[in-house]
Every structure is written in C-alpha cells, then in structure tokens.
Amino acid sequence: MATKILSAAGSTMLGSKLTLSGESRNVRDEYLFKKSVIPTNRLMRELIVTNVTTRPPLSMPVLTESDAEQERKLVAWTSVRQEKWEGQLVVEGEIPLWLNGTYLRNGPGRWHIGDHTFRHLFDGYATLIKLEFDNGRSKGAHRQIESEAYKAAMKNNKLCYREFSEDPKPENFLSFVGELASLFSGASLTDNANAGVMQLADGRVLCITETTKGSYEIDPTTLETIGKFEYTDNLGTILQAAHGNVTKTDYLTILPDMITPGYQVVRMEAGTNERKLLGRVNCRGGPQVGWVHSFPVTENYVIVPEMPLRYSTQNLLNVEPTPLYKFAWLPESKGYMHVMCKASGNIVSNKELNMQVTLISITIMILFLMTLQQLKVASVEVPLFVTFHYLNAYEETDEDGRLTNIIVDCCEHEADTTILDVLRLQNLRSNGDINMLPFARIGRFTLPMDGSPMGTLEAAVDPTQHGRGMDTATINNEYIGKKHRYVYGCGAHRPTNFPNMLTKVDVVNMTTKTWHDEGAIPSEPFFVPRPGAIEEDDGVVISMISDRDGEGYALLLDGTTFEEISRAKFPYGLPYGLHGCWIPKN
Ligand SMILES: CC1=C(/C=C/C(C)=C\C=C\C(C)=C\C=C\C=C(C)\C=C\C=O)C(C)(C)CCC1
Ligand SMILES: [Fe+2]
C-alpha cells in the first residue's frame, strides 16, 4: 500500500515548507520524511527523519487528511529521530546585521526508543538545535547529544537508565535488587543532558541535566558531543541544579544533598573542572531535600530555595511512577529561602573543610558550625510555592545603603503541582484546545534582611495580563543580580494545555506585549542585547516555534516593540525544547 511520503526534490534553491500531506514540494534538503505508524494511545506517529540515500520500501498505511492534520498540529511533541542536520535556513524578514553569533537550544527532543513512547516531556533524549546568525543570514542544525543513556538505548533498542518518569523494567528480582543498590550510588540514574545549555567563562559549552554525571561538553559549531564533563573535585553528589549561574570568572551552582538533607553551594573557577564548596545550607523542612531545578543570585548573595516539593526516596525507588514522579508534595514541611553570602573570596575548599573538622573538638565544632551559619545571612520561611525557573534576584537598600530586602522573581505555579502531570506527553498530544494549563504567574518573593522570620510571595504583575500562564522565561542577562524591568516568558492564550503565547512583561509599568499564532508552540524567548545598547530591552528575542502546519522556525522579535522582525525556517518540524544560550561571534 503506497504511503504518502514527502520526497525531497534535490537541492533546489527554493526552500519552502515540507508538508505532511504527501505533496512533494521544492525543498532544500535531501530528506525523506516518512511516517511510520507506531501504535500509541492517541494515534501518535513519530516523524522520522532519515538521510535520503535510497528510497526505502514504503508499506505504511495512507494517512487520512485528518491524521495528517493531526500530525502537523503535534509536531512540537513528535520525536524527530535524527542523526544530524545542517543547512541554510530560509529567512523571511530582516535579521539585524548586528546579530552575529550562535543561539543553541537544548531540550528533550526524542520521546521514544523502539516502539516505546515515553510518558513525560522531560524523559526525552537531549536534542541540541543551533541557529547561526551571520551578516543577516542564518544557518541551522540539530544533533542528538550522545550521553551514555542515549547510546545504550540506541544500542539495545530499549530504555537502560532511569529518566524523569521512565524506569527500565528489571528482568527479575535479582536485577531489581541490583538496580536498587545502583540507585543509591546514582549509577542507574540517567546522564541524558536534555535541560540546560551554557557557555562557561572559559568558552567551553556544556549541556546538563539534574544529575551531576549528566554534564556534557559539546562543540558549539558542529554540535558534536565532545564528552562527559568530568568534575575533578571530591564533592561526590548525585544531583545538581539544571541551571547554574555563569559569571565572567566562574560558575556557581547548587548540589542538593539527599543524604544529609541540605544544599552545597559550589563555585567552579573558569578554566577548571573543580567545584569548591562556598557554603552549605541544611534543610529546615525535615528529612527530605526540596527540588532545586534553578536558583537566583544577587550581586552579593546566592539564594537557595527550599521548595515543599521535595525528593521522595520512596518514589525514587519506585518502578511505577506516582503523579509526582520522584517527588512528594509536603506542604507541612513548608517552604524557605536561604540567603547565602558569596563570601568575597573566602572559598572554603572541601579538603580544608575536612581537615578543620577532624581537628575541631565538639565544643569548637559547635562554634565552627555557628561560624558557618554566619555564611548564611538569612533563612526565611516563605508561603508555599512551586517554581522550576527563577528569573532574577536583586538587593534593595535604604537611603543609607543598608540591605533591607532581597527581591526574587520566578515563574510560580500558585503552589499547584498539577503542572507536572499536564506535561505528560499524552496530555500534550491530546488536549491542545482544552484549557488544561494550570495557572502560573511571575511570583515575587520579598525576603526581609532585618532578621524577620517570614518572607512574602505575590504576583509581580496581574497574571491575567499574560493569560495566567508563565514559564521558561528570561531577562536581559546583563541585569542578572540587578534590578530588572523586563521579563520575556511564555504566557497563555487560552484555551490551551501549554504556554503558547510569547510575552514581554514590564514589571515596573505592569504592562505586557504578546506574540501568538494559533496552534503554534513557542519555546523559551531568549533576549540578546544589541552590542552597545543602553536600554535594557534594546535587542532581539529569539524563540523556536513549532507551528500547527508542522513547520519549524526561529522567530525573531524586536526586544523593545515585541514585533516580529524575521523568521528563519527549517525545512521540517521542530520538537519542543527547553532552554537556550547565546554565544556571540568573537
Ligand atoms: C528532576 C530530575 C531529573 C530530570 C530533570 C529534567 C530532565 C528536566 C527538568 C526540567 C524542568 C523541571 C523543566 C520545567 C519546565 C516547565 C515548563 C515548560 C512549564 C510549562 C508550564 O507552565 C532526572 C535527571 C531524571 C533525575 C533527577 C531528578
Ligand atoms: Fe529549566
């Protein structure tokens, strides 16, 4: 039975979109988009991208128009089973001539292995997408990150490591026991570096996930996986935040400690692989450590969030996931924000720390711990919250320059953990026009620095201004740690089951500007400042769009007006992705 296929028509110069309706169109790349019918619970088909060498035997059933229509609409949640691709993008509009550099976006872009489709958005294998801008032209590329988890899955055609919601099924009881043992060492947890992407001050580019071993160095030009980023210290923790803080001289991050519930704040100087202990904070909310996906910093402080959505050892051990996967919602454990001084220069290395501890008697030890506590300027209880992404934090001072408060802005889900379930692929693929997206806001914490025990949490702007949806948001990176005015995030044009509206929020004037295209799924809007800019919003905003016609393109918006200035189109649909970074052309 003939299958509707999309056949590339050689490298004609007329780039345009590949439709899934089977009509062959002039496109740039020799790709054969063939649809394989992989039975899933929602007639979900994987879009398979293979290099065209020979025309494979095609025996897939003909898709009805509505199937094809359905598939086009789901391109954001459709794996692209890719090896790699690179090509000139078709540009509509004008790319600013000052925009010279590379935008990289990381995300879980392949959600199946064999005929097994993963359960959750975050399970997907890391897929790196590149946009190169040079003198008004744009080149695109994508490539899978070759983690051990990905390579093992491809070799064995099955899941081999514990992903966010997916866990390998133990063959027998013995292997189950072995699996449990390996869990405590973290050996069975994935290294699928599908979340963060960043360029360190020394130029190296890392892709990471929330396991320490899920840190990979990649080549920002070829997107090749250079190899695992091996830390040379002996801090030995399993977990790390998916988003650290890159400065011009170092990299700060937080290592959640599940054994002695707390957080190690560490600093890695540019050019090294050694994380050094800056300070440690013990959890105040009991024996489980709160989930830290990201965290904010000010000029002088690291803010360590202790969220009441906490790691659950029991759920970590479960083979079948609970609605909160590896986590438990423990409101009775409350939420806290710990404010740690960056300790200008006095980094306490782990070796020194161990030596001191062995030499200190119990009484001096108590003095020492009290001294350590001084590293922590404050620890305040805050209202319950559910936050993955912190936007920024800054210090407020009085007329005498004394620190009065620390302000923390974040994407806060109104202390509702439902969002984790909404992000299951079955929901994303079946409820696009159902108003399933739970509410979210730009949450603003005010942390008092006068010794008061309680902080406050409120919406920075009226959430109805951005459809009561807000996540994967950024600010102008030049303003990290300082008072910012503009937030670029994904809001909601309802009814929707996912944040589908690019939104610029002015948190001073409390106004918003938005971009929305019916049925399109935008990824994190990333702001790139114009070289030499004075104004905070003088630059462009980049977002990767998966649209309802199965298209994939990079959208460029003017940072000030939030008007569309250009699109750089891929010749195929793009899977959704999480976060990006900008690498200026040196
Ligand atoms: C959390 C752990 C793991 C994996 C984490 C991964 C792969 C990514 C987490 C990404 C998150 C929290 C993204 C949040 C996005 C929110 C969105 C898009 C909200 C939209 C709606 O408003 C491991 C590595 C599997 C195991 C340790 C724990
Ligand atoms: Fe993230």
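In each ligand, atom 1 is the first atom listed, and ligand 1 is the first ligand listed. Every value quoted in this text rests on a predicted model; they were computed, and no experiment measured them.
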For atom 13 (C) of ligand 1, grab the closest protein heavy atom and report residue, atom and distance to one decimal in Å. F122 CZ, 3.2 Å
From the candidates N497, D471, L189, the one that places a heavy atom nearest atom 19 (C) of ligand 1: D471
Relative to the heavy atoms of F327, which atoms of ligand 1 are at a distance of less than 4.0 Å? 1 (C)
Would K326 and Y311 count as a cation-pi pair here, with the cationic atom under 6.0 angstrom from the ring centre and within 45° of the axis? no
Quick one: sort the F388 and F122 rings into parallel, tilted or perpendicular, breaks at 30° and 60°. perpendicular
Near the Fe ion (ligand 2) (under 2.8 Å) - protein N, O or S atoms: H243 NE2, H293 NE2, H389 NE2, H579 NE2
For Y161, give me all partners under ring-ring contact (aromatic ring centres under 6.0 Å, His included), at least two apart in sequence or on another chain. none
Please determine if R275 forms a cation-pi arrangement with Y231, meaning its NZ or CZ atom is less than 6.0 Å from the six-membered ring centre and no more than 45° off the ring axis. yes
Show the atoms of ligand 1 that are less than 4.0 angstrom away from any heavy atom in E163. 25 (C)
Hey, is G469 one of the residues with a heavy atom under 4.0 angstrom from ligand 1? no
Contacts of K151 meeting salt bridge (charged side-chain N to carboxylate O under 4.0 Å, His left out) (sequence neighbours excluded), chain-then-number -> E148
So is Y325 in contact with ligand 1, going by heavy-atom distances below 4.0 Å? no
For D471, give me all partners under side-chain hydrogen bond (donor to acceptor under 3.5 Å, both in side chains), at least two apart in sequence or on another chain. H389, H413
Give me the residue, atom name and distance of the protein heavy atom closest to atom 22 (O) of ligand 1. H413 CE1, 3.2 Å
I want to confirm something. Looking only at heavy atoms, which of L239, L578, V292 is nearest to atom 27 (C) of ligand 1? L239
